[in-house]
Q: 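I have a structure I would like to understand better, so I am pasting it below and will then ask my questions one at a time.
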Amino acid sequence: MENGDLPETRSETEVAGGADFRCGYVAICGYPNAGKSTLLNALLDERLAIVTRKPQTTRRRTLGILTNDGGQIIFVDTPGILEPRYELQGAMMRQVEQSIGDADVLLYVVDIRHPRIAPGVQEAAQRKPLIVALNKADLLRTAEEGLPAIEALRGEVPQAGFHAISALKGAGLPALLAEIFARLPRGPAFYPADQLTEHPERFFVAELIREAAFDRFHEEVPYSVEIELAEFREHPGRKDLIEAIVWVETESQKGILIGKGGKAIRGLGRQAREAIEAFLERPVFLELRVKVQPHWRRDAQALRRFGYPPPGS
């Protein structure tokens, strides 16, 4: 990815950080399907966050770190903002609220064709810097088409910085990054320069399996899928062993995921394994088992077991 006038990322393990070095947390927030995860991947030039065509794909905060000679940005990709209808969505929104509260800068991503500011973001923007990324500008016929959207949002958050971008095409990202760095507080790096994330490999393996489920199945089934890694053993010189449980809510969903003669689950396993091997850069043996946990999305105890934050956290 081109960084414009920004310095290249350093390869040293540590960053000393001079007087002008900037470092801080940037919460990437917005409504579902605005392109937040696509933007995170584009800014890092790495595929960290799962991306599908379906809205509300992101369920957990995903942290990505970008470091260069001028500073360090710790991006936090968050679930799409919505009005919770059941406990899983409540847990997702608690992660959004926590990320916004902890952030040094808010990066609000909006579809340029449907501009609107979420109330919680508008309130938070009174206390901390806000940058609005008007995404999907490549879908407009002319650049002038985006001006009304910018002007409408400027009336709501006049203190914000505005950037028309295309996360998919990479357009407008150098200027966006430059403003993010400029808005960060001065201070030393929090992480080594060569560290890209703080999540373990297990996190991304589970997410890649879930991404494959979103890609291969339709309608309600993917939203009822949760992935739990039962085993993850590294075998130097041999394939890693990964055993994952694919949880669904009903027996009928289990039947869809397995398919006639196991065809569907084999296809899911093959697609997920290829994605995992590309991410880990080593071969793996992946075994998938499908189990039923009725109404797990509404079950606070099940959600805690799957690692979602409980109420009050």
Q: Look at the side chain of K128 and the backbone N and O of A103, then say whether any donor-acceptor pair between them is shorter than 3.5 Å.
A: yes
Q: Got V248 and V225 here, is their nearest side-chain heavy-atom distance under 4.5 Å?
A: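 In contact.
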Q: Please name the residue in the list L280, V284, L241, D240 that meets the side-chain contact (heavy atoms from CB on, under 4.5 Å) test with E234.
A: D240
Q: Measure across F232 and I242 and return the closest heavy-atom pair with its distance rounded to 0.1 Å.
A: CD2-CG1, 4.1 Å
Q: Ignoring hydrogens and geometry, is there a side-chain-to-backbone donor-acceptor pair from K136 to G35 under 3.5 Å?
A: no
Q: Can you give me the closest heavy-atom contact between A302 and Q293, atom names plus distance?
A: CB-CG, 4.4 Å
Q: Within a strict 4.5 Å, meaning less than it, do heavy atoms of the I65 and Y191 side chains meet?
A: yes
Q: Should the pair R60 and F203 be classed as cation-pi, given the thresholds of under 6.0 Å to the six-membered ring centre and 45° from the axis?
A: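 So R60 doesn't make the cation-pi contact.
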Q: Is there side-chain contact between I276 and I209, with heavy atoms separated by less than 4.5 Å?
A: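 Yes; the side chains approach each other to less than 4.5 Å.
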Q: Would you call E228 and R289 a salt bridge, taking side-chain N to carboxylate O under 4.0 Å as the test?
A: no
Q: If we only count heavy atoms from C-beta on, is the W247 to I245 side-chain gap below 4.5 Å?
A: yes
Q: Are a donor atom and an acceptor atom from the side chains of T58 and S37 found within less than 3.5 Å of each other?
A: yes
Q: Within the distance-only criterion (no hydrogens, no angle test), does the side chain of Q159 pair as donor or acceptor with the backbone N or O of A125 below 3.5 angstrom?
A: yes
Q: Are the side chain of Q72 and the backbone N or O of P188 linked by a donor-acceptor pair below 3.5 Å?
A: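 No, because the side chain of Q72 does not come within donor-acceptor range (under 3.5 Å) of the backbone of P188.
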Q: Would you check, one step at a time, whether the test salt bridge (Lys or Arg N to Asp or Glu O under 4.0 Å) holds for R53 with D215?
A: CA-CA 8 Å; R53 293 164 292 180; D215 185 59; 3.7 Å; yes
Q: Under 4.5 Å between side-chain heavy atoms, hopping through other hydrophobics if needed: is there a path connecting L184 to L130?
A: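 No, because L184 and L130 fall into different hydrophobic clusters, even though each may have its own neighbours under 4.5 Å.
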Q: Is the count of non-hydrogen atoms from other residues, nucleotides or ligands lying under 6.0 Å from E231 atom CD greater than 12?
A: yes
Q: Just by distance, do the side chain of D111 and the backbone of A34 share a donor-acceptor pair under 3.5 Å?
A: no
Q: Begin with the C-alpha distance, continue with both residues' side-chain angles, and end with the deciding distance and a verdict on side chain to side chain contact (heavy atoms under 4.5 Å, CB included) for F306 and L88.
A: CA-CA 10 Å; F306 294 148; L88 171 61; over 6 Å; no
Q: Keeping N41 on the side-chain end and A49 on the backbone end, is there a donor-acceptor pair under 3.5 Å?
A: yes
Q: Measuring from R154:CZ to E156:CD, what's the distance to the nearest 0.5 Å?
A: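 Here the interatomic distance stands at 12.5 Å.
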Q: Roughly how far apart are L153 CG and R116 CZ, rounded to 0.5 Å?
A: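 Those atoms lie 11.5 Å apart.
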Q: Kindly determine whether L39 and L176 satisfy side chain to side chain contact (heavy atoms under 4.5 Å, CB included), including the steps that lead there.
A: CA-CA 11 Å; L39 179 57; L176 175 62; 4.3 Å; yes
Q: Looking only at non-hydrogen atoms, find the nearest pair between P192 and T67 and report the distance.
A: O-OG1, 4.5 Å
Q: Does I28 reach the side chain of T62, with side-chain heavy atoms less than 4.5 Å apart?
A: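 They are not in side-chain contact.
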Q: What distance separates I131 CD1 from E179 CD, expressed to the nearest 0.5 Å?
A: 4.5 Å
Q: Between atom CG of N33 and atom NZ of K54, what is the distance when rounded to the nearest 0.5 Å?
A: 11.0 Å
Q: Looking only at the side chains, is there a donor atom on one of Y223 and Q56 sitting less than 3.5 Å from an acceptor on the other?
A: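 Side-chain D/A pair, Y223 to Q56: absent.
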Q: Roughly how far apart are N68 CG and F181 CZ, rounded to 0.5 Å?
A: 4.0 Å
Q: Do L48 and L229 share a hydrophobic cluster, counting only Ile, Leu, Val, Met, Phe, Trp and Tyr and linking them when any side-chain heavy atoms are less than 4.5 Å apart?
A: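 Yes, it is one cluster - the side chains of L48 and L229 are joined through contacts under 4.5 Å.
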Q: How close do V96 and P79 get, heavy atom to heavy atom, and via which atoms?
A: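 Here V96 and P79 meet closest at CG2-O, 3.3 Å.
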Q: Please check if atom NE2 in H295 has more than 12 non-hydrogen atoms from other residues, nucleotides or ligands closer than 6.0 Å.
A: no
Q: Return yes if some donor-acceptor pair links the side-chain N/O of K169 with the main-chain N/O of D138 below 3.5 Å, else return no.
A: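 Absent.
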Q: Has N135 got a side-chain atom pairing as donor or acceptor with V110's backbone, closer than 3.5 angstrom?
A: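 It does not hold such a pair.
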Q: With a 4.5 Å heavy-atom cut-off, do F162 and V157 have their side chains touching?
A: yes
Q: Taking all non-hydrogen atoms of both residues, which atom of S224 and which atom of Q253 are closest, and how far apart?
A: OG-NE2, 3.2 Å
Q: Membership question, hydrophobic clusters at under 4.5 Å side-chain separation (ILVMFWY): are L139 and I112 in the same one?
A: no
Q: Is the backbone of L63 close enough, under 3.5 Å, to the side chain of E198 for a donor and an acceptor to pair up by distance?
A: no
Q: Considering non-hydrogen atoms only, spot the tightest contact between G170 and P174 and give its length.
A: O-CD, 4.4 Å
Q: Salt bridge or not between R273 and E277? Use side-chain N to carboxylate O under 4.0 Å.
A: yes
Q: Checking side chain to side chain contact (heavy atoms under 4.5 Å, CB included) for the pair L208/R47: CA distance, chi angles, key distance, verdict?
A: CA-CA 11 Å; L208 288 169; R47 191 173 179 275; 3.3 Å; yes
Q: Quick one, S99 with D77, criterion side chain to side chain contact (heavy atoms under 4.5 Å, CB included). Give me CA distance, side-chain angles, the key distance, then yes/no.
A: CA-CA 9 Å; S99 298; D77 184 28; over 6 Å; no
Q: Is there a side-chain contact between R59 and R210, using heavy atoms and a 4.5 Å cut-off?
A: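 Answer yes - side chains close enough.
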Q: Roughly how far apart are L134 CG and I150 CD1, rounded to 0.5 Å?
A: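 Those atoms lie 5.5 Å apart.
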Q: Does the R22 side chain pair with the main chain of G70, one donor and one acceptor, at a distance under 3.5 Å?
A: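 No, R22 side chain to G70 backbone: no donor-acceptor pair under 3.5 Å.
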Q: In the structure I gave you, are the side-chain heavy atoms of Q95 and T78 within less than 4.5 Å of one another anywhere?
A: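 When only atoms from C-beta onward are counted, T78 and Q95 do not touch, as no gap falls below 4.5 Å.
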Q: Is it true that the NZ or CZ of R297 lies under 6.0 Å from the centre of Y86's six-membered ring and within 45 degrees of the ring axis?
A: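 Geometry flag: set, cation within 6.0 Å and 45°.
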Q: Tell me whether F204 is reachable from V246 by hopping between hydrophobic residues (I, L, V, M, F, W, Y) whose side-chain heavy atoms are closer than 4.5 Å.
A: yes
Q: Using the rule that Ile, Leu, Val, Met, Phe, Trp and Tyr join whenever any side-chain heavy atoms are under 4.5 Å apart, tell me whether V105 and V109 fall into a single cluster.
A: yes
